[in-house]
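Order of listing sets the numbers, starting from 1, for every ligand and every atom in it. Counting begins at 1 with the first residue of the sequence. Because the structure is predicted, anything quoted here is derived from the model rather than measured.
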Amino acid sequence: MSLKNKNDVIVIGAGAAGLMCALTAGQRGRSVLLLDHASAVGKKIIISGGGRCNFTNRNVKAEHFISQNPHFCKSALSRFGPEEFIALVERYKIRYFEKTLGQLFCTGRSREILNMLLEECRVGQIQIKTNCTVKGIAKSDCFNLDTSLGDLRCASLVIATGGLSYAKIGASDFGYKCATQFGLKILPRRPGLVSLTLGGPDLKRFEGLSGVAAEVSVSCNGKTFHEAMLITHKGLSGPAILQISNYWHPGDKITINLLPHLNLGETIAAWRKHRPAATLKTLLAEHLSKRLAQRGLTFITDNKAVNQYNQQEILSIAQHFHQWRLIPSGTTGYRVAEVTTGGVDTRGLSSKSFEATDVPGLYFIGEVLDVTGWLGGYNFQWAWSSGYCAGLTV
Ligand SMILES: Cc1cc2nc3c(=O)[nH]c(=O)nc-3n(C[C@H](O)[C@H](O)[C@H](O)COP(=O)(O)OP(=O)(O)OC[C@H]3O[C@@H](n4cnc5c(N)ncnc54)[C@H](O)[C@@H]3O)c2cc1C
């Protein structure tokens, strides 16, 4: 098919949101050109969820998203929520399973989700062009794009270029630059859903424990997540840490409860009664990895038979294991972060159509926006929901 110079709609960015927007608009009869500068479309979909794409979550609610405009996501999530995406997945007979906390993953490979979206694009007669660079955008009565494929024009322009994470598979700051060009505000961005690094004495505390995991509660800035934590050679990782990283800012303290399932003070009192001669380390190791139990103890007290601790010591041991306070030195950065928090300020857009209030015909969808989901399928759901709603209007 030869490339048309003028289309109703051009979508820049053929990731989750761009594909969903393009197929929705195309199936309404709009002529749509979908451009991407990468060599292939949907690369993040392919690598997501460890190759199994956690494509949505059954329990999506507005409170699972972080944004300076917390009500913005509600309209799109209610118009195209998990049920609608699951119905599409089931129509394509893609097998899936619920892993935990409502998270839905493909039983097979992520590729099945991408193939489904591409088939829907084919139905909508979407033209897809990869390896296409957009060098400049100008607006007159329509949008004029200077691209590596020549000059292109459209009435509606959708920016779906995602965030800054994983530049190696195509992430760029294009969307933010474009927003700035057209007068939209960019809110501060940080790597999100990312491991936290430790420095100095905090890193020393965990030295030699790399690979040790624990079921913990982690808190920061009034938010608490109860999931697994993994100690790495640089700091802390695992779902609990990735979740809290969305709420952490440089300099903030995080508090880790290493034994969230029990009240250690009361448990030690019970041990003193029923197992007085057992050492505290042995008893703690029934609830925590042996190495972590031992390391935790070395910072506060000697390992003794449990009946040899006085009340004051028991209180401080309990406090230590329930409220381990650390100030991370940073994150492992955009290179490995699953998302970018912050981004295009949604206060300049319609929550129904995603059109810029002051620039008719210009739309922003997906991760480029200041809407960031928790770990667990929420970010893809945001891409599907925002892409669908814009696709209904463009
Ligand atoms: C390793 C990893 C695993 C993840 N797993 C999950 C998961 O299981 N579940 C979940 O919900 N979320 C997951 N996420 C997050 C999720 O992938 C993103 O939130 C989602 O893909 C965002 O969709 P998007 O369409 O806005 O952006 P993207 O999917 O990032 O798509 C943006 C597209 O724009 C293109 N682009 C960028 N700049 C330009 C430019 N200048 N010109 C042209 N094209 C451009 C890119 O090549 C890309 O194709 C994961 C992320 C990563 C990095």
Side-chain angles (χ1 to χ4, degrees), residues 10-22 33-57 60 64-65 82 85 96 99 102-106 109-110 113-114 117 128-137 145 147-149 152 157-178 191-195 239 242 246 332-341 343-344 354 363-388 390:
I10 292 181
V11 180
I12 306 179
L19 285 159
M20 182 52 100
C21 177
L33 174 62
L34 177 57
L35 303 176
D36 203 294
H37 68 166
S39 55
V41 303
K43 286 191 180 186
K44 255 186 208 169
I45 298 174
I46 298 287
I47 63 164
S48 67
R52 287 194 155 163
C53 187
N54 178 193
F55 56 82
T56 191
N57 192 300
V60 170
H64 299 127
F65 296 86
F85 196 77
Y96 64 89
K99 197 171 171 190
Q103 302 170 4
L104 302 187
F105 284 77
C106 295
R109 308 303 299 165
S110 314
I113 297 290
L114 181 57
L117 297 167
I128 301 179
K129 293 286 172 193
T130 52
N131 292 312
C132 173
T133 312
V134 180
K135 295 175 244 176
I137 302 170
L145 277 62
T147 80
S148 54
L149 297 172
L152 301 171
L157 178 64
V158 183
I159 308 299
T161 46
L164 296 170
S165 43
Y166 270 66
K168 65 182 170 205
I169 56 163
S172 81
D173 63 356
F174 182 90
Y176 309 115
K177 282 190 173 146
C178 181
L193 299 182
V194 67
S195 303
L242 299 196
N246 277 354
T332 47
Y334 287 118
R335 195 179 56 82
V336 287
E338 284 201 12
V339 290
T340 302
T341 65
V344 177
F354 293 81
Y363 299 76
F364 289 83
I365 55 172
E367 197 184 311
V368 73
L369 295 171
D370 167 41
V371 178
T372 306
W374 287 6
L375 185 76
Y378 300 100
N379 286 295
F380 275 136
Q381 186 56 51
W382 176 242
W384 317 136
S385 300
S386 57
Y388 175 82

Asks: Are F55 and Y96 close enough that their ring centers fall under 6.0 Å?
Replies: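 Yes, the ring centres sit under 6.0 Å apart.
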Asks: Listed by chain and number, what are the side-chain hydrogen bond (donor to acceptor under 3.5 Å, both in side chains) partners of Y363, not counting sequence neighbours?
Replies: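 Testing Y363 for side-chain hydrogen bond (donor to acceptor under 3.5 Å, both in side chains), a comparison that skips the adjacent residues, returns none.
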Asks: Any sub-3.5 Å donor-acceptor pair from S386's side-chain atoms to I365's backbone N or O?
Replies: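 Judged by distance alone, no pair lies under 3.5 Å.
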Asks: Who pairs with Y334 by side-chain hydrogen bond (donor to acceptor under 3.5 Å, both in side chains), at least two apart in sequence or on another chain?
Replies: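 Partners of Y334 by the side-chain hydrogen bond (donor to acceptor under 3.5 Å, both in side chains) criterion come out as none, since no residue qualifies.
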Asks: Are the aromatic ring centres of W382 and Y378 under 6.0 angstrom apart?
Replies: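 Centroid distance W382-Y378: not below 6.0 Å, so no.
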Asks: Taking only residues two or more places apart in sequence or in another chain, which ones pass side-chain hydrogen bond (donor to acceptor under 3.5 Å, both in side chains) with S195?
Replies: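 S195 satisfies side-chain hydrogen bond (donor to acceptor under 3.5 Å, both in side chains) with S237 only.
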Asks: Would you check ligand 1 and list the protein residues that come within less than 4.0 Å of it by any heavy atom, ordered by chain and number?
Replies: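 For ligand 1, the residues that come within the 4.0 Å heavy-atom cutoff are I12, G13, A14, G15, A16, A17, D36, H37, A38, K44, I47, S48, G49, N54, A160, T161, G162, Y166, G170, S172, F174, A337, E338, V339, G366, E367, G377, Y378, N379, F380, A383.
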